[in-house]
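This report concerns only the one structure given below.
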Amino acid sequence: MSVIVVTGTGTGVGKTIVTSAIAALAKADGRRVAVLKAAQAGLNEDGTGDVDTVRRLAGDVTTRELVRYIDPLAPETAARRSGMPTIGPADIALAASRLDEEHDTVIVEGAGGLLVRFDSNGSTIADAAWAMGVPVLVVAQAGLGTLNATALTAEALLRRGIESLGVVVGSWPDEPDLAARCNLEDLPVAAGAPLLGALPQGAGTLDPQRFLEVARAGLSPWFGGDFDPEQFAMTYKSS
């Protein structure tokens, strides 16, 4: 399967923007791209969801959303409150497998962090990744507090026998503070995996052409970009 799972160290860290950037680069490379949102919990101010953001930024890619809950809560909680059905790892794996049959790249985006509950059995996006046997990309915040959250996520992946591709900073600030600058060196240590990118703050507001340029500059060659973690860290190296 040509599938990866994108998770975060928590909610609001930039998973959807990173997912869109990976999709945009893959599409620009001529690949058939699909993005699967396992569970949409909560909507943007304009009533749209994450797959709508992906289409706006990445262009004509296949998107699928398995379930949409109005409340911005953990999927299992949102399902319980709304009376809607939950989804589990088997549902996610089946949908990803079907998309994989007709696409070159399939990106599965989780909801919130790695261990957020999807159903009453306590199933998570980590269980879906394990069931599919695919690697996970971790999206993290830039600043203070991110190292602990990243290390915990990495440890959870390791304990479950799931490959971690690396870590991407989902929103790199225009004026990074000392903690953010130091984290460029410390995040790969906490993640036990390489720093594979850093997308600038506000990237989600750009038009598709400019977003593609930002995605190329902000993501590793692993995804078709030009991001060099050592050069990036040197640019912001603290004294």
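When reading the values below, keep in mind they use all heavy atoms of this one structure, side chains included, and skip hydrogens, waters and symmetry mates. Just so we're clear, the structure is a prediction, and the values are computed from it rather than from any experiment.
Phe223 places a side-chain heavy atom less than 4.5 Å from the side chain of Ile4. For the pair Leu165 and Val136, the minimum side-chain heavy-atom distance is 4.5 Å or more. With a 4.5 Å cut-off on side-chain heavy atoms, Val3 and Leu36 do not count as touching. Taking 4.5 Å as the limit, every side-chain heavy atom of Leu99 sits out of range of all side-chain heavy atoms of Val35. Here the side chains of Leu184 and Trp172 are in contact, with some heavy-atom distance below 4.5 Å. Put simply, the side chain of Arg64 reaches to within 4.5 Å of the side chain of Leu66, judged on heavy atoms. Using a 4.5 Å cut-off on side-chain heavy atoms (C-beta onward), Asp104 and Ser2 make no contact. Looking only at side-chain heavy atoms (C-beta outward), Asp91 and Phe118 stay at 4.5 Å or farther from each other.
Distance alone, capped at 3.5 Å, is enough to place a donor-acceptor pair between the Arg32 side chain and the Glu102 backbone. Using modelled atom types, no side-chain atom of Thr9 and backbone atom of Ala140 make a donor-acceptor pair closer than 3.5 Å. Judged by distance alone, the side chain of Gln40 and the main-chain N or O of Gly42 form a donor-acceptor pair under 3.5 Å. Proximity of a side-chain donor or acceptor of Asn183 to a complementary backbone N or O of Asp186 within less than 3.5 Å is not detected. Side-chain atoms of Thr19 come within 3.5 Å of backbone atoms of Lys15 as a donor-acceptor pair (strictly under, hydrogens ignored). Judged by distance alone, with hydrogens and angles left aside, the side-chain atoms of Asp177 form a donor-acceptor pair with the main-chain N or O of Ala179 at under 3.5 Å. For the pair Asp46 (side chain) and Thr48 (backbone), a donor-acceptor distance under 3.5 Å is present.
Transitive grouping of hydrophobic side chains (ILVMFWY, heavy atoms separated by less than 4.5 Å) keeps Val33 and Val51 in distinct clusters. Residues Leu152 and Val6 do not share a hydrophobic cluster, clusters being chains of Ile/Leu/Val/Met/Phe/Trp/Tyr side chains in contact below 4.5 Å. Note on Val168 and Val54: same hydrophobic cluster, where clusters join Ile, Leu, Val, Met, Phe, Trp and Tyr whose side-chain heavy atoms are under 4.5 Å apart, directly or indirectly. Grouping the Ile, Leu, Val, Met, Phe, Trp and Tyr side chains by contacts below 4.5 angstrom, directly or via other members, places Leu196 with Ile22. Hydrophobic clustering, with ILVMFWY side chains joined whenever heavy atoms are under 4.5 angstrom apart, groups Val214 together with Leu137.
Nearest heavy-atom pair across Leu25 and Gly224 is CD1-C, 4.0 Å. Across every non-hydrogen atom of Tyr69 and Ser82, the tightest pair is CD2-OG, 4.0 Å. Leu147 approaches Ala190 most closely through the heavy-atom pair O-CB, 3.7 Å. Of all non-hydrogen atoms in Pro173 and Ala142, the two that sit nearest each other are CD-CB, 3.8 Å. Of all the heavy atoms in Ala111 and Pro75, the pair that sits closest is CB-CG, 3.9 Å. Pro85 approaches Val67 most closely through the heavy-atom pair O-CG2, 4.2 Å.
Other residues sharing a hydrophobic cluster with Leu43 under the 4.5 Å side-chain heavy-atom criterion for ILVMFWY residues are Ile70.
With sequence neighbours excluded, the residues satisfying ring-ring contact (aromatic ring centres under 6.0 Å, His included) with Phe227 are Phe232. Annotation: side chain to side chain contact (heavy atoms under 4.5 Å, CB included) contacts of Ala126 (sequence neighbours excluded): Leu114, Leu115, Thr124, Arg160, Ile162. With sequence neighbours excluded, the residues satisfying side-chain hydrogen bond (donor to acceptor under 3.5 Å, both in side chains) with Asp50 are Thr16, Lys37. In this structure, the side chain to side chain contact (heavy atoms under 4.5 Å, CB included) partners of Ser120, at least two apart in sequence or on a different chain, are Glu76.
Among pairs with a residue in residues 200-220, those fulfilling side-chain hydrogen bond (donor to acceptor under 3.5 Å, both in side chains) read Arg210-Glu213, at least two apart in sequence or across chains.
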**Request:** Could you check Asn121 against Thr86 for side chain to side chain contact (heavy atoms under 4.5 Å, CB included), going step by step and ending with a plain yes or no?
**Result:** CA-CA 10 Å; Asn121 295 320; Thr86 59; over 6 Å; no

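Atom CG of Leu94 has more than 12 neighbouring heavy atoms from other residues, nucleotides or ligands inside a 6.0 Å radius.
Here the CD1-CD1 distance, from Ile87 to Ile92, works out to 4.5 Å after rounding to the nearest 0.5 Å. To the nearest 0.5 Å, the span separating CE on Met234 from CD on Glu185 amounts to 9.0 Å. Atoms OG and CD, from Ser20 and Glu109 in turn, are 7.5 Å apart once rounded to the nearest 0.5 Å. To the nearest 0.5 angstrom, Leu157 atom CG is 7.5 Å from Thr7 atom OG1. For the atom pair Thr235 OG1 and Glu230 CD, the distance stands at 12.0 Å (nearest 0.5 Å).
At a cut-off of 3.5 Å, with distance as the only test, no side-chain donor of Asp127 or Ser123 sits close to an acceptor on the other residue.
Thr153 pairs in a side chain to side chain contact (heavy atoms under 4.5 Å, CB included) with only one of the listed residues (Val138, Val167, Leu158, Asn148), which is Val138.
A salt bridge links Arg68 and Asp52; the closest N-O separation between the charged side-chain nitrogens and carboxylate oxygens is under 4.0 Å.
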